[in-house]
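From a predicted model like this one, the values you see are computed outputs, not experimental measurements. Per chain, numbering begins at 1; letters A, B, ... match sequence-line order.
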Number of protein chains: 2
Amino acid sequence: MEPNAFKVRTALRRQRVTIMDVADSLGMTKSTVSRALNGYPDISESTRLKVRDAAERLGYRPLSNAQAIRTGRVRSIGLIIQISEYDRHRPFLADFLDGVSEAASAADWTMTVATAASDTDTFRLLCKLADERKVDGFILPRTLVDDPRVHLLREADVPFVLYGRTADDHGCAWFDIDSETAMADAVMRLAELGHERIGFIPAGDRYMYARLRSEGYRAGLKAAKLPFAAELVAPPALSRQEGANSARLILNQENPPTAILCAVDRAAIGVYDAAKELGLQIGRDLSLISYDDIPEAELMTPPLTTYAVDTRRAGARLTDLLIRRIKGEAPEKLRELDRARFVARGSHGFGPSAGPAKEINETVSKSGGKA
Amino acid sequence: MEPNAFKVRTALRRQRVTIMDVADSLGMTKSTVSRALNGYPDISESTRLKVRDAAERLGYRPLSNAQAIRTGRVRSIGLIIQISEYDRHRPFLADFLDGVSEAASAADWTMTVATAASDTDTFRLLCKLADERKVDGFILPRTLVDDPRVHLLREADVPFVLYGRTADDHGCAWFDIDSETAMADAVMRLAELGHERIGFIPAGDRYMYARLRSEGYRAGLKAAKLPFAAELVAPPALSRQEGANSARLILNQENPPTAILCAVDRAAIGVYDAAKELGLQIGRDLSLISYDDIPEAELMTPPLTTYAVDTRRAGARLTDLLIRRIKGEAPEKLRELDRARFVARGSHGFGPSAGPAKEINETVSKSGGKA
DNA sequence: GAAAGCTCCGAAACCGGTTTCGGCAACCCT
DNA sequence: AGGGTTGCCGAAACCGGTTTCGGAGCTTTC
């Protein structure tokens, strides 16, 4: 506008310093500065030092959008969360965001978060963020056995990484906690305590984790050389209410289980309710093991024995994998399976009979008796 | 590269459609298309329609970075959260993010979230996100009486909006819940029930909300024509533990309060512990009112009477204010004060004496007696 | 009927970077 | 000495938009 706009602007010093400012201050061209800062091999070491120094001195920070327009990368990872009523008061979200943010920051990336009210909304946001290139890729939490988000992004060739697995994972990078093995481990622990009839409350079959946990239960039975009995598998339960109902169903049989394994803690909380009604004391008359380690778990009486997940670490690992995926690594090489941590508290008890620990433990292993 | 690169690219159709594609398909220049889509007045209505139509048909989505480089706006709002142990299992975060995200989406903006481990970290992130222009402005939650973030951003001329107020709010846009009035309201309610000695457990004086709640307590006393008594104000408490300690201190006096008002629910939970120790039944021997409405509140026996905050709405309003601030509106015009909602549950009781409700209520208002 | 004004759009500059291309100088090798 | 590398950097194109400027064509005005 004004002929002396330049002077005015630099005088105010509110104007940001551009790559040209750095170049001018050194009598070089901006292409040299750019290549020097980005580690191109055709820049001499002495020049590179001078440039780096000048950039530092002038406080030059490249505009990420300006870079993005040419490089095609905004260095931002997308996260679309569909907040269920379940998750609201769980530390899950905070821990997860913390993990993602930390790993992203370390790599000089940022995290773009959006909340969705429905599946449709999720789709809309995925498309929009990718289309406008607000993000370079997505972390998809809570994967379904057959997940439409996967189809969409695979089709559109947008990088993504799953938190959890999916039935058809070709072209998918993922990170997951091995809850299958955890479930099997739980069955074996219970079997070792002498339990022969171990009930199971699954979590349905829509989410992949739910299916895997059911498979883990079966695998555990097989490993413990126990027969699978259909009447010991309750209807799926995801809430306290449903958990109580499921527990009532399998406990009210002629030959009830002496132990129950739950796919999720929330259902396990309901098992306490059902046990109370039936006059069973958990940890003594009924052993209980679950999975997730929600905060309520240790507040129960007796405290719930469960498997804990390091959510923060999950967020961090997922971020790392996604960034590598975006940079071009093959999805098949970007898969990690982490272990859940067994948290022994009171609810798994000591075996199918009442009484002090040691004794029972021995009695049980000899007799293999039932409650 | 290749002479026929253009053909190859359009054939693959994985190439994004640019403004040039739209222009070419209409035989116009890209400047016309740009102005048509952005509502410039020097474009005829017929042309505008044709352009809009073609853009729609071709699926044109402007690249937000490319726009940003010229307009200076990335349409992204920044949120840096320092997750305290307190907040982890509260729905606060989820609700807040939900509110921000929803309002941002509605305005076609996005939200960039980062978590910080410390104050230093927060500063670093504020600078980085602003410098690289990853965001256009910030929402600052949990404002301090004297908040260094405010100084930094005000100095750097980066738009921001506070969730909560601050001592010196010149140049600050903000949204807050009027907890001061809520506290005063609580005192008056208690006074109306006949209480003359109303204790207070404050939340310190570092956060602005804490200071305002203390002022509200005093204002309430004045309105109820009750004298302020220093011995009725306990040491600040932010946790259950601290709340219990504070409650013990003011209850173990020769002339203890018959009601307690807490600045935060977390401290109020501790009051239950202290009351139990002293053999006082809350809601009968001791009235209790608090503020925040954390999930545990309704699980207490009796359930805690408190003031609820609409966190989701707060996030949404803050976002709206910030966007307007970024667009240039004066900060002084961007200030909103919302009301907290009184949630009457069991803990506030019926007055300083024991007994059924109605009766006591009348006795009390006549005698003004103490427990 | 010519000057003036208005409507609408094309041409080109611009934003702040990245990347390609080409060429100068120095060095190496017969 | 001459030809071929090699190292290093400048010039310019490019990315995908936005914004300024100017001018063609039409209408209005006196």
Name the pairs: protein N/O against N/O of nucleotides 5-11 of chain D, kept only if under 3.5 Å.
{"from": "D:dC9", "atom 1": "OP1", "to": "A:Ser44", "atom 2": "OG", "distance (Å)": "3.4"}
{"from": "D:dC9", "atom 1": "OP1", "to": "A:Thr47", "atom 2": "OG1", "distance (Å)": "2.3"}
{"from": "D:dC9", "atom 1": "OP2", "to": "A:Ser44", "atom 2": "N", "distance (Å)": "2.9"}
{"from": "D:dC9", "atom 1": "OP2", "to": "A:Ser44", "atom 2": "OG", "distance (Å)": "3.4"}
{"from": "D:dC9", "atom 1": "OP2", "to": "A:Thr47", "atom 2": "OG1", "distance (Å)": "3.3"}
{"from": "D:dC9", "atom 1": "N4", "to": "A:Asp42", "atom 2": "OD2", "distance (Å)": "3.0"}
{"from": "D:dG10", "atom 1": "OP2", "to": "A:Thr29", "atom 2": "OG1", "distance (Å)": "3.3"}
{"from": "D:dG10", "atom 1": "OP2", "to": "A:Thr32", "atom 2": "OG1", "distance (Å)": "2.2"}
{"from": "D:dG10", "atom 1": "N7", "to": "A:Arg35", "atom 2": "NH2", "distance (Å)": "3.1"}
{"from": "D:dG10", "atom 1": "O6", "to": "A:Arg35", "atom 2": "NH1", "distance (Å)": "2.7"}
{"from": "D:dG10", "atom 1": "O6", "to": "A:Arg35", "atom 2": "NH2", "distance (Å)": "3.3"}
{"from": "D:dA11", "atom 1": "N6", "to": "A:Ser31", "atom 2": "OG", "distance (Å)": "3.1"}

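- Considering only residues two or more places apart in sequence or on other chains, A:Thr122 meets the side chain to side chain contact (heavy atoms under 4.5 Å, CB included) condition with A:Ile80, A:Gln82, A:Ala116, A:Leu126, A:Arg149.
- Ion pair B:Asp320/B:Arg317 flagged as a salt bridge, since at least one NZ, NE, NH1 or NH2 atom sits closer than 4.0 Å to an Asp/Glu carboxylate oxygen.
- For the atom pair OG1 of B:Thr319 and CG of B:Leu79, the computed distance is 8.5 Å after rounding to the nearest 0.5 Å.
- Side-chain N or O atoms of B:Arg325 include none that pairs as donor or acceptor with a backbone N or O of B:Leu321 at under 3.5 Å.
- Atom OH in B:Tyr40 sits roughly 14 Å away from atom C1' in C:dC9 (whole-Å rounding).
- Counting only distance, with no hydrogens or angles, the side chain of A:Arg48 and the backbone of A:Tyr40 share a donor-acceptor pair below 3.5 Å.
- Between the side chain of B:Lys134 and the backbone N or O of B:Val74, no donor-acceptor pair lies under 3.5 Å.
- With rounding to the nearest 0.5 Å, the separation of SG in A:Cys172 from CD in A:Glu332 is 9.0 Å.
- Interface residues of residues 129-137 of chain B facing DNA chain C, ordered by number: none; criterion, heavy-atom separation under 4.0 Å.
- One can place CE of B:Met20 at 14 Å from P of D:dT18, the figure rounded to the nearest angstrom.
- Rounded to whole Å, the distance from CG on B:Leu37 to P on D:dG16 is 16 Å.
- One atom, CG of B:Leu49, and another, C1' of C:dC8, lie 15 Å apart when rounded to the nearest Å.
- No salt bridge links A:Lys30 with A:Asp24; every basic N to acidic carboxylate O contact stays at or beyond 4.0 Å.
- In this structure, CD1 of A:Ile19 is placed 13 Å from C1' of C:dC15, rounded to the nearest angstrom.
- A:Ile69 pairs by the side chain to side chain contact (heavy atoms under 4.5 Å, CB included) definition with B:Ala66, not counting sequence neighbours.
- Between A:Asp131 and A:Lys128 there is no salt bridge, since no side-chain N of the basic residue sits under 4.0 Å from a carboxylate O of the acidic one.
- One axis for each end of the helix from C:dG1-D:dC30 to C:dT30-D:dA1, each built from five base pairs, and the angle between them comes to 50° at 10° resolution.
- When the side-chain nitrogen and oxygen atoms of A:Tyr60 are compared with OP1 and OP2 of C:dG17, one or more of them lie within a distance under 4.0 Å.
- Remark: B:Asp136 does not engage B:Arg73 in a salt bridge, criterion side-chain N to carboxylate O under 4.0 Å.
- D:dG16 atom P lies 8 Å from atom CZ of B:Arg16, rounded to whole Å.
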- prompt: Given B:Thr112 and B:Ser76, is the side chain to side chain donor-acceptor pair (under 3.5 Å) satisfied, shown in steps?
  reply: CA-CA 7 Å; B:Thr112 297; B:Ser76 173; 2.9 Å; yes

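- Within residues 63-74 of chain B, the residues that place at least one heavy atom under 4.0 Å from DNA chain D are, in residue-number order, B:Leu63, B:Ala66, B:Gln67, B:Ile69, B:Arg70, B:Thr71.
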field: Criterion side-chain contact (heavy atoms from CB on, under 4.5 Å) on B:Trp174 and B:Leu337, from CA distance to verdict
entry: CA-CA 8 Å; B:Trp174 51 256; B:Leu337 198 55; 4.1 Å; yes

